[in-house]
Amino acid sequence: MRVLLLVVMMFVSVGSAQAGVLRTASGAGYKKIVEQWATLYEETTGAKAERIYGNMGQISAQVKQGGGICLMVGDKAFLDRPDLPISSFVPIGQGRPVLVTRKGLKINSVTDLTNAEFSRISAPDFTKAIYGRAAYQILNQQQNKGLLKKVMAVGTVPRSGAYAISGEVDAAFVNMTYAMANKDKFGTILELTEGFSPIKIVAGIISGCQDLGEVNQFVSLLDSDSMQAKIVVAGL
C-alpha cells in the first residue's frame, strides 16, 4: 500500500511539473526577442519556458493539432484568423522591414536595386512569411517594376539574411530584429518605411490558456523596464 501511494505521489508530482511548463511558438525571425522574453521569465519565476521556432504555417498546424502551445508570436494579420484558436492578442511592437547588403556594397534606396551590382536578391517567402509579403508589396510598385525577376524567395527571414552574410546574394530583405542581431555582417542596413501594409507584432494567447498563471506571468513581463529595453534593442 505504501509503495502504491508513493508511485501515485510521484505521478502527481511529475504531472504538476509538466503542467507548469509554458510552451511558446514564433516565426524564426523573432527568435531573439522570444529567447530574451523566455529567459527573463525563467530567471524571474524559476519555471521553464519551451520555445518552438519555424515558419508560421508549420507552427499554426501544431497549434490546431493541440500541441500544448499557449502563446504564438507573430504578425497580427496572420494570427487573427478564424481557423486559429486564439482568445486574445497582446501587442509587442511594430514590425520593421529592412534591406541589407553583403559586405562591400552600399545602398540608399530600393530603386538602387536596379543597378548592375545588385544582380542577386533574396527575400522570405512571398506568401507565407510576413516580411516576404512586405518585400513583394514594395517590389511590386511601379517604380520598382522588373526587380522581382532578380529576387529568390528562400523561406524565412534568417535564411534570407544568411545569403547576404555569406555573399551568395548582393542584397536581402529581412526585418530589423535580424538586422540588428547581425549588424556587423552587412554592408548596409536600410530600414524600409513605406510601400507595405503595417506589421503589428503580437502575442496570441491560445484558447484554454488565458487563465493559466504561467501565461499571465509571462505576459506581465512585457511591461517590465527590462523587457521594454530588449524590445527597443531588437528593433520593434
Side-chain angles (χ1 to χ4, degrees), residues 26-36 53-58 73-75 77-78 92-201 229-236:
S26 76
Y30 296 103
K31 181 175 180 178
K32 181 177 180 180
I33 193 66
V34 174
E35 280 295 313
Q36 292 176 330
Y53 304 103
N55 71 58
M56 295 305 291
Q58 295 170 332
V73 175
D75 174 26
F78 179 89
I92 297 176
Q94 194 77 16
R96 297 158 65 184
V98 170
L99 186 59
V100 297
T101 65
R102 62 174 173 80
K103 283 282 191 178
L105 283 180
K106 301 294 182 183
I107 195 168
N108 296 307
S109 70
V110 175
T111 54
D112 287 351
L113 292 176
T114 59
N115 298 339
E117 62 264 35
F118 295 102
S119 62
R120 299 164 299 172
I121 305 165
S122 63
D125 188 284
F126 288 150
T127 58
K128 297 178 181 178
I130 303 165
Y131 294 94
R133 290 200 301 271
Y136 182 83
Q137 290 171 350
I138 292 167
L139 293 170
N140 202 39
Q141 295 175 73
Q142 186 61 44
Q143 65 268 30
N144 301 327
K145 288 293 184 183
L147 287 177
L148 281 170
K149 63 185 179 183
K150 291 186 175 186
V151 180
M152 173 176 61
V154 297
T156 64
V157 163
R159 191 173 179 190
S160 179
Y163 277 103
I165 290 173
S166 67
E168 294 178 70
V169 299
D170 305 306
F173 286 89
V174 295
N175 63 13
M176 186 61 79
T177 301
Y178 183 88
M180 293 297 289
N182 298 277
K183 59 184 178 181
D184 296 330
K185 301 174 184 178
F186 301 120
T188 300
I189 295 175
L190 177 67
E191 181 175 0
L192 306 173
T193 59
E194 59 184 13
F196 59 93
S197 302
I199 300 170
K200 298 178 181 179
I201 307 305
K230 296 179 193 301
I231 290 171
V232 171
V233 171
L236 295 180

Among Leu113, Leu139, Leu148, Thr101, whose side chain to side chain contact (heavy atoms under 4.5 Å, CB included) with Ile121 holds?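 Exactly one candidate clears the test, Leu113.
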Spacing of [X] atom [atom1] and [Y] atom [atom2] [to the nearest 0.5 Å]:
| X | Y | atom1 | atom2 | value |
| --- | --- | --- | --- | --- |
| Lys32 | Asn175 | NZ | CG | 11.0 Å |
| Leu190 | Asn108 | CG | CG | 7.5 Å |
| Lys31 | Thr177 | NZ | OG1 | 14.0 Å |
| Arg159 | Thr156 | CZ | OG1 | 7.5 Å |
| Arg133 | Phe173 | CZ | CZ | 15.0 Å |
| Ser166 | Lys185 | OG | NZ | 11.5 Å |

Checking Gln58 against Tyr53: is there a side-chain donor and acceptor pair closer than 3.5 Å?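 No, because no side-chain N or O of Tyr53 sits under 3.5 Å from a partner of the opposite role on Gln58.
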Crowding at NZ, Lys200 (>12 non-hydrogen neighbours, <6.0 Å):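 Count not over threshold, so no.
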Can you confirm whether Phe196 is buried at CZ, in the sense that more than 12 heavy atoms of other residues, nucleotides or ligands lie under 6.0 Å from that atom?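 Atom CZ in Phe196 is crowded, with more than 12 foreign heavy atoms closer than 6.0 Å.
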[X] side chain near [Y] side chain, heavy-atom distance below 4.5 Å:
| X | Y | value |
| --- | --- | --- |
| Asp125 | Val154 | no |
| Lys183 | Ile189 | yes |
| Lys150 | Ser119 | no |
| Thr188 | Val100 | no |

Output yes when a side-chain donor or acceptor of Gln141 lies under 3.5 Å from a complementary backbone atom of Ile138, and no otherwise. yes
Indicate yes or no for a side-chain donor-acceptor contact from Lys103 to the backbone of Gly167 under 3.5 Å, with no hydrogens or angles considered.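 Checked: no pair found.
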Write down the atom of [X], the atom of [Y], and the distance for their closest heavy-atom approach.
| X | Y | answer |
| --- | --- | --- |
| Pro124 | Ala153 | O-CB, 4.2 Å |
| Phe186 | Ala164 | CE2-CB, 4.0 Å |
| Phe126 | Ala135 | CE2-CB, 4.5 Å |
| Ala162 | Tyr178 | N-OH, 3.4 Å |
| Gly74 | Ile130 | C-CD1, 4.3 Å |
| Val98 | Glu191 | CG2-CA, 4.2 Å |

Using the rule given for side chain to side chain contact (heavy atoms under 4.5 Å, CB included), can you reason through Ile92 versus Val73, listing the C-alpha separation, both sets of side-chain angles and the distance that settles it, and then say yes or no? CA-CA 9 Å; Ile92 297 176; Val73 175; 3.9 Å; yes
Asp170: partners by salt bridge (Lys or Arg N to Asp or Glu O under 4.0 Å), with sequence neighbours left out: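 Checked Asp170 against salt bridge (Lys or Arg N to Asp or Glu O under 4.0 Å); matches are Arg102, Arg120.
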Test salt bridge (Lys or Arg N to Asp or Glu O under 4.0 Å) applied to Glu117 - qualifying residues, sequence neighbours left out: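 Residues passing salt bridge (Lys or Arg N to Asp or Glu O under 4.0 Å) with Glu117: none at all.
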Criterion side chain to side chain contact (heavy atoms under 4.5 Å, CB included) on Gln137 and Ser197, from CA distance to verdict: CA-CA 8 Å; Gln137 290 171 350; Ser197 302; 3.4 Å; yes
If the condition is side-chain hydrogen bond (donor to acceptor under 3.5 Å, both in side chains), which residues does Ser122 pass it with, not counting sequence neighbours? Ser160
Mind running side chain to side chain contact (heavy atoms under 4.5 Å, CB included) on Met152 and Val169 for me, showing each step along the way? CA-CA 9 Å; Met152 173 176 61; Val169 299; 3.9 Å; yes
Could you go step by step and tell me if Phe118 and Leu105 meet the side chain to side chain contact (heavy atoms under 4.5 Å, CB included) rule? CA-CA 9 Å; Phe118 295 102; Leu105 283 180; 3.8 Å; yes
Lys106 bridged to Asp112 by N-O distance under 4.0 Å: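 Salt bridge between Lys106 and Asp112, a charged N being under 4.0 Å from a carboxylate O: no.
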